[in-house]
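Below, all heavy atoms of this structure are taken into account, side chains as well, without hydrogens, waters or symmetry copies. The first residue of the sequence shown is numbered 1, and numbering continues consecutively from there. Just so it is clear, the structure is predicted and the values come from calculations on it, not from any experiment.
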Amino acid sequence: MKKFFEDIKKDIKFKSAGPGKKLAEGGSSKPRVVQNSGPAKPHHAAPTEGAQKAGAAAMARIEGQPRPRAQTSQDAIRLQGERFLCIQQLMCRLLQGSSVKDPAFLSVTGVYFTCPLTGATLTKSEREVHIKEAIFMRFEEDAVEASIMMVHTFNKDREKVKAAVDIINKYIENICKNPTEEKYRKIKLSNKVFQEKVKTVEGSREFLQAVGFQSIMLDVEGQEESEEFLVLMEHDPEALEVMKESMDRLQRGEPVRAQLDHQPQTFRPSSNAMRFELPPEFYNLTAEELKREQQQKSEAVEKTNMLRTKAMREREEQRERRKYNYTLLRIRLPDGNILQGTFLAWDKVSVLFQFVRDSLVDGWQPFELVAPGGHKLREAQELALNECNLVPAVLLTFSWDAAVQADISAALLKPVLLKNIQTLG
């Protein structure tokens, strides 16, 4: 045990003497993910002077304690847990006060999305505003389509959307069944149902106006002041059929969502293939949750000192998987080149296979993807990537199916990807 802490102490002195840039106190370090089987050690930022003193004080206290005597197997388990805790505490102190790393050192600069309406590449924070602007611009081309997009995209409560769509459908049904009845072609905007069920849903009024309703102030019997109505002027049968078709489109509408950009990248053969440095977008943790990480790790001692049931282990695994929004996957090809892409943590395994297939010249040929530990992924599996423990960053191995391996010497990436091949730092 003493020798173990002496080794850590030497490592701390080595890091503090390095040429690293001095970091401002109070900053935060980006999480690093390194596969256990990788040959490269993670590179940590140089500790602040305060962190060095705290680490030295901790080491002095530890070295001054009597050496524990492992008398039983239970003592050995407890000792292992304490050793793990010491490592975590020391690393936490070393990393305190480190600043955000230069984006140049990240495995991927961030998470990006593609707008389905404009094709623009967006950051997560840009998505909502950009899509709203794109939908408003669509009014010039097709007001009905744009209003349907508004209804299904701008409103998060799907139950409220359904209620509003049902009421609008009733308005139009009554008109189509009674085309000459004037009362069905007028909607009083102060009506309680309209106020509570329709007006509260963005895009509903725009849809009604797009299918022909007009805003008109009308006198109301028994009232001194006129009120606003949406009125549908007389329509011929053909116009009513078009309105019914528009209603069908509204009922079938779906939200407009930016699609995750897989950001396909290719790299030359490298010993750093299993080394990852991820931006914070990959983690589904708030600042408060990150602060609690050290406290959660301290529970490792308890967990190593007790037998856990299968159900307990499964709950822990599920909790671990929920930490990640995205995953960065690399695929090592037979020629040594590396294909990289970003995925949603809950994407199905089939999405990964399609990404690889779309990147290869002979992607139509059958192939296999092997996860760390030799586990072969199955494209037909209805499992998410996080359910296969492929988060937050993993290196996979590609191989052609045995039936075609003799005919193909290497997995050839498409020229457009090879054109921009890079070297892993």
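With hydrogens and angles ignored, the 3.5 Å screen pairs a side-chain donor or acceptor of Ser204 with a backbone N or O of Val198. Although no hydrogens or angles enter the test, the distance criterion places no donor-acceptor pair under 3.5 Å between the side chain of Gln195 and the main chain of Thr200. The backbone N or O of Leu339 sits nowhere less than 3.5 Å from a side-chain atom of Thr266 that would complete a donor-acceptor pair. Between the side chain of Asp347 and the main chain of Leu344, a donor-acceptor pair closer than 3.5 Å is present. With hydrogens and angles disregarded, a donor-acceptor distance shorter than 3.5 Å links the side chain of Asp236 to the backbone of Ala239. With hydrogens and angles disregarded, a donor-acceptor distance shorter than 3.5 Å links the side chain of Ser107 to the backbone of Glu277. A donor-acceptor distance shorter than 3.5 angstrom exists from the side chain of Glu126 to the backbone of Thr123, with no hydrogens or angles considered. A donor-acceptor contact shorter than 3.5 Å links the side chain of Arg185 to the backbone of Leu232.
The closest side-chain heavy-atom distance from Arg249 to Val144 is below 4.5 Å. Counting only heavy atoms from C-beta outward, the side chains of Glu202 and Thr153 never approach each other to under 4.5 Å. Two residues are said to be in side-chain contact when any heavy atoms from C-beta on lie closer than 4.5 Å; Phe367 and Asp401 fail this criterion. The side-chain heavy atoms of Asp261 and Phe113, taken from C-beta on, include no pair separated by under 4.5 Å. Looking only at side-chain heavy atoms (C-beta outward), Leu369 and Ile331 come within less than 4.5 Å of each other. Counting heavy atoms from C-beta outward, Leu360 and Lys414 have side chains that stay 4.5 Å or more apart. The shortest side-chain heavy-atom distance between Val220 and Lys188 falls under the 4.5 Å cut-off. Between Thr109 and Pro279, every side-chain heavy-atom pair lies at or beyond the 4.5 Å cut-off.
For the side chain to side chain donor-acceptor pair (under 3.5 Å) test, residues two or more places apart in sequence or in another chain that qualify with Arg158 are His152. With sequence neighbours left out, Gln340 forms a side chain to side chain donor-acceptor pair (under 3.5 Å) with Gln265, Arg330.
Using a cutoff of 4.0 Å between basic side-chain nitrogens and carboxylate oxygens, Glu228 and Arg205 are scored as salt-bridged. The pair Glu145-Arg138 meets the salt-bridge criterion, since a charged nitrogen lies less than 4.0 angstrom from a carboxylate oxygen.
Within a 6.0 Å sphere centred on NZ of Lys348, other residues, nucleotides and ligands contribute more than 12 heavy atoms. Residue Glu128 qualifies as open at atom CD: its count of foreign heavy atoms under 6.0 Å is 12 or below. Counting non-hydrogen atoms of other residues, nucleotides and ligands closer than 6.0 Å to NZ of Lys156 gives a total above 12. The local environment of CD in Glu159 is sparse, with at most 12 non-hydrogen atoms from other residues, nucleotides or ligands closer than 6.0 Å.
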**Request:** Just do the side-chain contact (heavy atoms from CB on, under 4.5 Å) check on Cys115 and Ile131 with the steps written out, would you?
**Result:** CA-CA 7 Å; Cys115 174; Ile131 287 177; 4.2 Å; yes
**Request:** Would you please test Glu227 and Ser190 for side chain to side chain donor-acceptor pair (under 3.5 Å) and show each step?
**Result:** CA-CA 8 Å; Glu227 286 196 36; Ser190 63; 2.5 Å; yes
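Closest of all the heavy-atom pairs between Pro116 and Val256 is CG-CG1, 3.7 Å. Taking both residues in full, the closest heavy atoms of Ser246 and Val211 are given as CB-CG1, 3.8 Å, listed atom of the first, atom of the second, then distance.
Expressed to the nearest 0.5 Å, how far CG of Leu189 lies from CD1 of Ile216 amounts to 11.0 Å.
Aromatic rings of Phe282 and Tyr324 (six-membered ring for Trp) have centroids beyond the 6.0 Å cut-off, not under it.
Listed by first then second residue, pairs satisfying ring pair (Phe, Tyr, Trp, His ring centres under 6.0 Å) with a partner in residues 328-347 read His262-Phe343, Phe343-Phe355, not counting sequence neighbours. The ring pair (Phe, Tyr, Trp, His ring centres under 6.0 Å) pairs that include a residue from residues 194-227 number zero, where partners must be two or more places apart or lie in different chains. Each salt bridge (Lys or Arg N to Asp or Glu O under 4.0 Å) pair with one or both residues in residues 207-224, not counting sequence neighbours, would appear here, but there are none.
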Distance-only criterion, 3.5 Å: show the donor-acceptor pairs between side-chain atoms of residues 161-170 and protein atoms not counting sequence neighbours.
| residue | atom | partner | partner atom | Å |
| --- | --- | --- | --- | --- |
| Lys162 | NZ | Asp166 | OD2 | 3.1 |

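With no hydrogens or angles considered, no side-chain donor-acceptor pair links Arg332 and Thr397 at under 3.5 Å.
A parallel orientation is assigned to the rings of Phe136 and Phe139, their planes being inclined by less than 30° (bins at 30° and 60°).
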